[in-house]
Number of protein chains: 2
Amino acid sequence: MAERSRRASRPSGDDRQEAILVTTEALLQSRDFDSLSIDELAKGAGISRPTFYFYFASKEAVLLALLDRVIRQVEERVGALPREFEADPASAWRRSIAVFIEVFSEHRAVATAAMSVRSRNAEVHDLWSRSMLSWVDYTAEVIEAERARGAAPDGIQARDLAASLNLMNERVLLAAATGEHPAVTAGAELDVLVAVWVQSIYGVISTSK
Amino acid sequence: MAERSRRASRPSGDDRQEAILVTTEALLQSRDFDSLSIDELAKGAGISRPTFYFYFASKEAVLLALLDRVIRQVEERVGALPREFEADPASAWRRSIAVFIEVFSEHRAVATAAMSVRSRNAEVHDLWSRSMLSWVDYTAEVIEAERARGAAPDGIQARDLAASLNLMNERVLLAAATGEHPAVTAGAELDVLVAVWVQSIYGVISTSK
DNA sequence: ACTTCACTCGACACGGTGTTGAGTAATTCG
DNA sequence: CGAATTACTCAACACCGTGTCGAGTGAAGT
């Protein structure tokens, strides 16, 4: 929108804003979000602390901007996926879940920082909530469609199932990203998650005692 | 162990320690853990801020003590449960999961505070991790036993499945406790979680296209 | 009686946050 | 072209919460 700086003696505002974002994500690779001081982010971007406040209201606001980019990326990639569950449902679910895993691990630092800040910061919480909500909606919709066409058996509320599965993914991927214990075997996350999803959406209990 | 205070003019150390714990859990009912200052906890227990440090090294240490009690309670109650999966596996799983839900909601405030602090505090993180680990171990053991006796079909690693399911429970219950969105329909948590557990442990995919 | 031990707090130093107010360099406008 | 405006910058300050230090106090043990 803005036609900017044609050879400015000091870097333009957009550059500095970007520099703050880049510095923050870089520092986040090796450091805890909480341990970052605004002074560090400012210094990293080549500005003073007060100047930082010209661009962002707080370090949480920086994280919010970073998280927003990551979420947009997931949305883009998930949106680009074909919605074909008829032929091979397991593969279709697998493709969707794979997108999360990819983006989550590409931006591990931002994702884990966001998860840890979520409980204290309303904006981060809301942004994440809203995305989760849209993924849960999508999941519930597909489950209902699968039940309608007879591919999946009826059971608990589709929306509750969808919420549980999505929350499971969030937590399992977070555990994997931070190297927590317990966690799913490294590298097996996709297989394991898909197995639970498919099992609980399409599975029936074998009554053979 | 210690034979204490027979009529002391000032309250005994144990009383004050307890007062800090009580005050903290009380404040946590209505307030964010982060928003609590040590001064408030001290004032609430009728002591000065420096005196607080005589009893606890930080407010995180108070939370750690509180969390420890909650975890012990879960362990006690789960340990008291009969381990009889043969006759009615679904009910057996349901009983175990129900214990978590009960204790979790009885001490909602402590549980949610602990979850939000976990990422910043190694001791809280480790304490919780250790408990999760023991629950995952137990779950994996039972799954393997169920597979061995032919009640459950083989599938992904029992330990990975156990980890995923336990992490799902943690996250779903946290979402419920904090009134997040998305969350499972209030009151339906137990049914939903049991459904997913049973389905993914015992279920087989209906191959009827 | 004096020593020791458990406990208490006033006062301080420190570190991080957010704001204020004065300044400078490009840009726009008459 | 020169003046006003806009965009940006930072030194300095006020504030708040943390953690520590060192001097106390009173009960219990010897």
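Protein chains get the first letters and strands the later ones, always in sequence-line order, with residue 1 at the start of each. Keep in mind the model is a prediction, meaning the values are calculated, not measured.
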Let me know the distance between CG of A:Asp39 and C1' of C:dG16, rounded to the nearest Å.
9 Å

Nearest-Å distance for atom pair CZ/P, residues A:Phe56 and C:dG18
14 Å

Salt bridge B:Arg69-B:Glu18, side-chain N to carboxylate O under 4.0 Å
yes

Measure from the side chain of A:Arg49, starting at C-beta and using heavy atoms only, and say which of C:dC9, D:dT18, D:dC13 lies closest.
D:dC13

salt_bridge(A:Arg95, A:Glu84) N-O dist < 4.0 Å:
yes

Between A:Asp68 and A:Arg72, does at least one N-O distance fall below 4.0 Å, as a salt bridge requires?
yes

From D:dC8, C:dT17, C:dA6, nucleotide with atom closest to A:Phe54 side chain
D:dC8

Can you find a side chain N or O atom of B:Ser48 that sits less than 4.0 Å from OP1 or OP2 on C:dT8?
no

Would you kindly give the NZ-to-P distance between A:Lys59 and C:dG16, to the nearest whole Å?
10 Å

Quick one: is B:Thr51 getting a side-chain N or O under 4.0 Å of the C:dC9 phosphate, OP1 or OP2?
yes

Is A:Glu189 close to A:Ile97 at the side-chain level, that is, under 4.5 Å between some pair of heavy atoms?
no

Separation of C:dT17 atom P from B:Asp34 atom CG, nearest Å, is 15 Å

Ring-plane angle category for A:Trp197 and A:Trp93, please: parallel below 30°, perpendicular beyond 60°, tilted otherwise.
tilted

Do A:Ser91 and A:Asp88 get their side chains close enough for a donor-acceptor pair, meaning under 3.5 Å?
yes

A:Gln17 CD - D:dC8 C1' separation (whole Å)
13 Å

How many whole angstroms separate atom CD of A:Glu40 from atom P of C:dG15?
13 Å

Choosing from D:dT20, C:dT17, C:dT8, which nucleotide comes nearest the side chain of B:Pro50?
D:dT20

Would you say B:His125 and A:Glu180 are linked by a side-chain donor-acceptor pair, where the criterion is simply a distance under 3.5 Å?
no

Please round to 10 degrees the angle between the axis of the first five pairs and the axis of the last five pairs in the helix from C:dA1-D:dT30 to C:dG30-D:dC1.
10°

Could you state the CZ-P distance from A:Phe52 to C:dT19, rounded to the nearest angstrom?
12 Å

Kindly point out which of D:dC8, C:dG16, C:dC7 is positioned nearest to the side chain of A:Tyr55?
D:dC8

How close or far is atom P of C:dT24 from atom CD1 of A:Ile47, stated in whole angstroms?
20 Å

